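First the structure, in the form of structure tokens, and then the observations on it.
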Amino acid sequence: MLPVTDFQKIGVGLAGFGIAFLFLGIVLFFDKGLLAIGNILFVCGLTFVIGLERTSRFFFQRHKLRGTAAFFGGISVVLLGWPVVGMVLEMYGFFLLFSGFMPVAVNFLRRVPVVGLFLSLPGISYLVGLVGEPQGMV
């Protein structure tokens, strides 16, 4: 088992609070203050968890530049005061950035007892199959 440093523990807390603030910002009709705080906390938490160098290498890979531009552009648009447009841009960027991780996550969730049963339902299994299929190197 890998040792977890104090910085990584702080990063998990920051990312968790960031996701909570993002959720509250969306639930409370796209409150731009909560969304902005959530975005900043999430990015800071990610940086604390995996480190500054690995974060910059992740975001600035050649094949992920479009996703990075959309994600950080969405954060900028939220900070400028257009929360709905910014969140749509962020979701698009998030999907582009983490689309390579989706098949791994779906296959893991298929093995979880209750969630796997839910994901094997007829309509849902088709959609999950589309997301869970590896697309190759994009």
Side-chain angles (χ1 to χ4, degrees):
M1 182 174 218
L2 296 172
V4 179
T5 66
D6 289 337
F7 279 117
Q8 290 174 329
K9 292 175 187 175
I10 292 169
V12 169
L14 287 173
F17 276 116
I19 291 171
F21 274 97
L22 285 171
F23 177 74
L24 283 174
I26 291 171
V27 168
L28 296 174
F29 303 114
F30 292 95
D31 181 53
K32 62 183 174 184
L34 289 174
L35 291 173
I37 292 171
N39 285 326
I40 292 168
L41 287 175
F42 178 74
V43 172
C44 289
L46 182 67
T47 304
F48 267 74
V49 169
I50 65 174
L52 187 61
E53 182 183 346
R54 290 179 70 191
T55 302
S56 63
R57 272 194 281 146
F58 173 77
F59 280 114
F60 297 112
Q61 293 175 10
R62 181 177 282 294
H63 65 279
K64 291 185 179 182
L65 286 178
R66 186 174 23 178
T68 300
F71 184 72
F72 287 114
I75 290 174
S76 301
V77 170
V78 167
L79 291 174
L80 289 174
W82 294 346
V84 177
V85 176
M87 287 306 294
V88 169
L89 261 174
E90 274 186 62
M91 285 188 285
Y92 175 69
F94 189 83
F95 180 75
L96 287 179
L97 285 170
F98 294 100
S99 60
F101 179 69
M102 293 292 182
V104 175
V106 167
N107 287 330
F108 172 75
L109 289 174
R110 283 181 177 159
R111 290 180 176 85
V112 175
V114 176
V115 178
L117 183 64
F118 177 74
L119 293 179
S120 67
L121 293 173
I124 297 172
S125 67
Y126 174 73
L127 294 174
V128 169
L130 291 176
V131 174
E133 293 296 320
Q135 307 293 321
M137 293 299 288
V138 177

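Note that the structure is a prediction, hence the values are computed from the model and not measured.
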Least distance between heavy atoms, [X] atom then [Y] atom:
X	Y	result
Ser120	Leu117	OG-O, 2.8 Å
Asn107	Arg111	O-NH1, 2.9 Å
Val4	Lys9	CG1-CG, 3.8 Å

Please check if the number of heavy atoms outside [X] that lie under 6.0 Å from its [atom1] is greater than 12.
X	atom1	answer
Phe30	CZ	yes
Phe108	CZ	no
Phe98	CZ	yes

State the [atom1]-[atom2] distance between [X] and [Y], to the nearest 0.5 angstrom.
X	Y	atom1	atom2	answer
Ser99	Lys64	OG	NZ	8.0 Å
Ile26	Met91	CD1	CE	6.5 Å
His63	Leu97	NE2	CG	9.5 Å
Leu28	Phe23	CG	CZ	9.0 Å

When clusters are formed from ILVMFWY side-chain contacts under 4.5 Å, directly or step by step, what else is grouped with Leu96?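 Cluster partners of Leu96: Tyr92.
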Quick one: do [X] and [Y] end up in the same hydrophobic cluster if we chain Ile, Leu, Val, Met, Phe, Trp and Tyr together by side-chain heavy atoms under 4.5 Å apart?
X	Y	answer
Ile50	Phe72	yes
Val12	Ile19	yes
Val88	Ile75	no
Phe95	Leu109	yes
Leu79	Leu46	yes

Would you please name every residue forming a side-chain contact (heavy atoms from CB on, under 4.5 Å) with Leu14, sequence neighbours left out?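 Partners of Leu14 under the side-chain contact (heavy atoms from CB on, under 4.5 Å) test: Ile10, Leu41, Cys44, Phe48.
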Please state whether the rings of Phe71 and Phe59 are parallel, tilted or perpendicular, taking 30° and 60° as the class boundaries.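 Correct class here is parallel.
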Of Asp31, Leu34, Leu35, which meets side chain to side chain contact (heavy atoms under 4.5 Å, CB included) against Pro83?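 Exactly one option meets the side chain to side chain contact (heavy atoms under 4.5 Å, CB included) with Pro83, and it is Leu35.
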The single option from Val77, Val85, Asn39 passing side chain to side chain contact (heavy atoms under 4.5 Å, CB included) against Glu90: Asn39
Partners of Arg54 by salt bridge (Lys or Arg N to Asp or Glu O under 4.0 Å), sequence neighbours excluded?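 Counting only residues at least two positions away or on another chain, Arg54 forms no salt bridge (Lys or Arg N to Asp or Glu O under 4.0 Å).
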